[in-house]
Every structure is written in structure tokens, then in C-alpha cells.
Amino acid sequence: MPADGIEWLPRDGILSFEEIERLVRLLVGLGIEDVRLTGGEPLVRRDFPHLVEMLAGIDGLRDLSLTTNGFLIERHADALVAAGIQRVNVSIDSLARDRFFQITRRDALARVLAGLEAIAAHPEVRPVKVNAIAMRDFTEDEVLRFCELARSTDYQVRFIEFMPLDGDRAWKPDAVLTGAEIRRIIESVYALEEIPREPHATARVFRFTDGGGEIGFISPVSEPFCADCNRIRLTADGKLRTCLFSMHETDLRRPMRTGASDGELEEIVQGAVWRKELKHHVNEPGFRPPPRTMSAIGG
């Protein structure tokens with residue numbers, strides 16, 4: 001998040017639960033099977049478990065998951081599970097209290113870990129994943145701590161390469177700690193073996209050969225997976241994005257609020273998907289980060 005905060009959208013600037021449900025229902029009819037609710041931070045939305053319940057009732061939706069910073073999840077864990085959440089990812093960039101504060105500007109590591117335990121206490125929510133952004137000169141000291149977390153629990157820990165989507169616009173290429181570098185750190189202590197990659201998966205997943213858990217690597221900078229990316233994003237204010245790094249968005253809120261039929265909305269979505277970018281251009285000459293940062297896109 002930007003150090004100086006963000007500009008909050010007016011209430012009528014974001015989609016209502018009913019509008020989100022309508023669009024998700026249309027998308028499922030077009031072939032979408034998996035929906036992830038993310039942010040920003042989804043749990044700041046009032047009555048968020050009710051939205052989960054609405055979406056969970058859509059016929060044809062196979063998987064409904066959540067990505068959260070974990071700050072509020074302990075309070076909502078039971079309600080989220082009852083509403084229909086099936087999988088949860090919690091973002092934790094450090095397991096050291098002072099370093100967690102350095103990154104998040106909140107002394108909340110204990111609270112987040114308590115939330116992680118609260119959601120993991122529900123056996124029907126699996127897998128539970130921990131996402132850690134990998135940054136040079138920071139994450140190196142965290143790698144083995146996260147390995148111990150993965151080995152002592154059934155959480156899958158995933159390292160995600162630092163991308164040029166941060167709120168402070170501090171990203172630079174040499175700030176990226178690559179997945180290959182992290183694997184070398186781990187393999188200096190533990191042996192790993194790769195698990196076959198699922199089609200369209202963003203992560204390469206490895207298990208510890210002694211059976212002690214799993215570690216994943218999401219490496220969009222050093223090992224792009226654009227060739228079989230099948231993801232689209234719907235922002236809180238009703239824009240359709242076909243790539244994290246899209247410079248252009250397709251507005252669905254305006255046509256929906258001016259009377260567009262379901263068929264007309266479907267045509268708009270299909271047109272946007274046909275124009276989906278072949279690849280992002282991170283690390284290429286002339287690359288420009290999108291105007292929106294990750295907190296305003298939905299990661």
C-alpha cells in the first residue's frame with residue numbers, strides 16, 4: 001500500500017453485491033469455473049461473508065477462494081466457511097515481528113498468525129496457502145523460517161517474485177529475488193522434488209523429499225507463464241482487466257447501470273478476452289507499469 005494512504009472510492013463508485021453476483025453468474029455461463037475474491041483487502045467490505053454466500057450459490061461455480069492479508073480473518077473465519085469459502089491464501093511477507101511491521105506498517109504479525117490458525121482449523125478449507133513476496137536484501141533471511149512453517153504445518157508456502165505493482169513505486173529489476181535463487185537457498189539445507197504443474201497454474205510447486213511439506217514459486221518476472229494464462233480480473237469499481245499489467249480496462253459498470261442486457265454484457269466480456277495480451281513486458285525496454293497498483297487491481 002502507498003505510504004501516504006489511498007483515496008477511498010465513493011460508495012456508488014464500487015459494484016454492489018448484486019452487481020458482482022450478476023457478473024460472476026454471466027462469467028460462469030461463459031465458462032469460468034474458479035473465482036478468487038481478493039484485493040486490496042476483501043474483508044474490509046461490510047458483510048463480506050454475505051457476498052461469499054451469494055456467489056457460492058451460483059450453479060457451475062466449481063471453486064470459490066479468498067486471498068487476504070489476514071488482519072481480519074480470525075473474526076470472520078467461521079462465517080466465511082459457513083458461507084462457502086473453499087480455499088484461502090494469506091499474505092505474510094515476514095515471520096519476524098519487527099520485519100513484518102517494516103513491510104506492513106502494522107504490529108500485527110501475531111494477529112495474522114492467529115487468523116491463519118483460525119481458518120486452518122476448518123478441515124473443509126484446503127489447501128491453506130501462505131504467500132510471501134520475495135524481495136532482494138529482505139527475503140533471504142526469511143526463506144528458512146518459511147520452510148520451517150511449511151514443514152511444521154500443512155500450509156503450502158509460496159514465494160512470489162516482487163512485481164512492479166507496489167503502491168510506493170519502489171520496484172526496480174534488481175529488487176527482484178528470483179524463484180531460482182530462493183530454491184538454491186532452500187536446497188542448501190533441504191532436498192526438493194518438483195510436483196507436476198497443473199495446466200494454467202501460476203506456481204511451480206516442490207515437496208521436501210523427506211515428506212515435510214510443500215513450497216511453491218510464482219515467478220512472473222524471471223519465468224513468465226503468460227503463454228497459458230487463463231485469468232481475468234474484475235476490479236471493485238467494475239473494470240475488467242485481462243492482465244495484471246494491462247494498460248487498458250473494459251468498463252462493465254457503466255453499461256450494466258445504463259440498462260445493458262445479459263447478452264450485451266457477455267459480448268463486451270468476450271471482446272475483451274479476445275484482446276487479452278499475449279504477454280506482459282516486464283524487464284523489456286520501454287516497459288511502463290500500469291496506472292493502478294496491486295491494491296487497486298486485485299491480485
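With hydrogens and angles disregarded, no donor-acceptor distance shorter than 3.5 Å links the side chain of Glu267 to the backbone of Glu264. Checked by atom type and distance alone, the side chain of Ser219 never pairs as donor or acceptor with a backbone atom of Ser222 at under 3.5 Å.
Residues passing the side chain to side chain donor-acceptor pair (under 3.5 Å) test with Thr104, sequence neighbours excluded: none. Take Arg106 and apply the salt bridge (Lys or Arg N to Asp or Glu O under 4.0 Å) test, not counting sequence neighbours, and it matches no residue. For Glu194, the side chain to side chain contact (heavy atoms under 4.5 Å, CB included) criterion is met by Arg204, Phe206, not counting sequence neighbours. With sequence neighbours left out, the side chain to side chain contact (heavy atoms under 4.5 Å, CB included) criterion links Arg275 to Thr250, Ala272. Scanning for side chain to side chain donor-acceptor pair (under 3.5 Å) contacts around Arg184 gives an empty result, with sequence neighbours left out. Legend: residues meeting side chain to side chain contact (heavy atoms under 4.5 Å, CB included) with Asp47, ordered by chain and number and at least two apart, are Phe17, His50. Applying the side chain to side chain contact (heavy atoms under 4.5 Å, CB included) rule to Arg46 yields no partners; only residues at least two apart in sequence or on another chain are considered.
Phe159 CZ to Ile133 CD1: the interatomic distance, rounded to the nearest 0.5 Å, is 11.0 Å. Atom-to-atom distance recorded for Arg111:CZ and Glu74:CD is 8.0 Å, nearest 0.5 angstrom. Annotation: the span from Met256 atom CE to Thr258 atom OG1 amounts to 9.5 Å, rounded to 0.5 Å. Between the CG atom of Asp107 and the CG atom of Asp98 there is a distance of 9.5 Å, given to the nearest 0.5 Å. Distance CG/Asp34 to CD1/Ile32: 8.0 Å, rounded to 0.5 Å. Remark: Leu43 CG to Phe48 CZ distance equals 5.5 Å, nearest 0.5 Å.
The minimum heavy-atom distance between Gly70 and Glu41, with the atom names listed, is N-OE1, 4.5 Å. Contact between Ser94 and Phe138 at its shortest, heavy atoms only, is CB-CZ, 4.0 Å. In terms of heavy atoms, Leu149 sits closest to Val130 at CD2-CG2, 4.2 Å. Residues Phe100 and Ala108 approach most closely at CE2-C, 3.7 Å, considering heavy atoms.
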Full working for side chain to side chain contact (heavy atoms under 4.5 Å, CB included) between Asp228 and Arg197: CA-CA 12 Å; Asp228 66 350; Arg197 177 176 177 263; 3.0 Å; yes
Working for side chain to side chain contact (heavy atoms under 4.5 Å, CB included), residues Thr68 and His76: CA-CA 11 Å; Thr68 171; His76 295 293; over 6 Å; no
Side chain to side chain contact (heavy atoms under 4.5 Å, CB included) evaluation trace for Leu55 with Leu37: CA-CA 10 Å; Leu55 300 184; Leu37 299 165; 3.8 Å; yes
Working for side chain to side chain contact (heavy atoms under 4.5 Å, CB included), residues Leu113 and Leu109: CA-CA 6 Å; Leu113 292 175; Leu109 177 60; 3.9 Å; yes
Stepwise side-chain hydrogen bond (donor to acceptor under 3.5 Å, both in side chains) test for Thr67 and Arg36: CA-CA 7 Å; Thr67 294; Arg36 174 171 296 279; 2.9 Å; yes
Trace of the salt bridge (charged side-chain N to carboxylate O under 4.0 Å, His left out) decision for Glu193 with Arg207: CA-CA 5 Å; Glu193 59 181 1; Arg207 67 169 64 93; 3.4 Å; yes
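Contact check for Arg145 versus Leu95: side-chain heavy atoms found under the 4.5 Å cut-off. The side-chain heavy atoms of Val112 and Asn69, taken from C-beta on, include no pair separated by under 4.5 Å. Counting heavy atoms from C-beta on, the side chains of Glu181 and Arg136 come closer than 4.5 Å. Leu15 places a side-chain heavy atom less than 4.5 Å from the side chain of Leu234. Counting only heavy atoms from C-beta outward, the side chains of Tyr155 and Pro127 never approach each other to under 4.5 Å. Side-chain contact between Gln156 and Ile215 is absent, with no heavy-atom pair separated by less than 4.5 Å. Using a 4.5 Å heavy-atom threshold, the side chains of Asp93 and Asn131 count as separate. Proximity of Arg231 to Cys243: side-chain heavy atoms (C-beta onward) are nowhere separated by under 4.5 Å.
Leu240 and Trp274 fall into different hydrophobic clusters, where Ile, Leu, Val, Met, Phe, Trp and Tyr are joined by side-chain heavy atoms under 4.5 Å apart, directly or via other members. Cluster annotation: Leu72 and Phe101 are assigned to distinct hydrophobic clusters (Ile/Leu/Val/Met/Phe/Trp/Tyr, side-chain heavy-atom contacts under 4.5 Å, transitive).
For Arg253 and Asp237, the salt-bridge test fails: no basic side-chain N is under 4.0 Å from an acidic carboxylate O. Here Arg99 pairs with Glu142 in a salt bridge; the nearest charged N to carboxylate O distance falls below 4.0 Å.
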Under 3.5 Å donor-acceptor pairs involving side-chain atoms of residues 77-90, not counting sequence neighbours:
| unit_1 | atom_1 | unit_2 | atom_2 | d |
| --- | --- | --- | --- | --- |
| Asp78 | OD1 | His122 | NE2 | 2.8 |
| Gln86 | OE1 | Leu64 | N | 2.7 |
| Gln86 | NE2 | Arg62 | O | 3.4 |
| Arg87 | NE | Asp63 | OD1 | 3.1 |
| Arg87 | NE | Asp63 | OD2 | 3.1 |
| Arg87 | NH2 | Asp63 | OD2 | 2.8 |

List the atom pairs, donor and acceptor, that lie under 3.5 Å between side-chain atoms in residues 185-192 and the rest of the protein, sequence neighbours left out.
| unit_1 | atom_1 | unit_2 | atom_2 | d |
| --- | --- | --- | --- | --- |
| Ser188 | OG | Ile185 | O | 2.5 |
| Tyr190 | OH | Glu148 | OE2 | 2.1 |

Using residues 22-29 as the side-chain source, report each donor-acceptor pair under 3.5 Å to any protein atom, sequence neighbours left out, with the distance given to one decimal.
| unit_1 | atom_1 | unit_2 | atom_2 | d |
| --- | --- | --- | --- | --- |
| Arg22 | NE | Asp262 | OD1 | 2.9 |
| Arg22 | NH2 | Ala260 | O | 2.9 |
| Arg22 | NH2 | Asp262 | OD1 | 2.8 |
| Arg25 | NH2 | Glu21 | OE2 | 3.1 |

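In this structure, Arg158 fails the cation-pi test against Phe217, since its NZ or CZ atom is not both closer than 6.0 Å to the six-membered ring centre and inside 45 degrees of the ring normal.
Applying the under-4.5 Å side-chain rule to Ile, Leu, Val, Met, Phe, Trp and Tyr, the cluster around Val205 extends to Ile195.
If you check the side chains of Glu161 and Thr178, you find no donor sitting under 3.5 Å from an acceptor.
Partner of Glu249 under the salt bridge (Lys or Arg N to Asp or Glu O under 4.0 Å) criterion, out of Lys239, Arg241, Arg254: Arg241 alone.
Applying the salt bridge (charged side-chain N to carboxylate O under 4.0 Å, His left out) test to residues at least two apart or on different chains, the pairs with a partner in residues 112-129 are Arg126-Asp154.
More than 12 heavy atoms of other residues, nucleotides or ligands sit less than 6.0 Å from atom CZ of Arg257.
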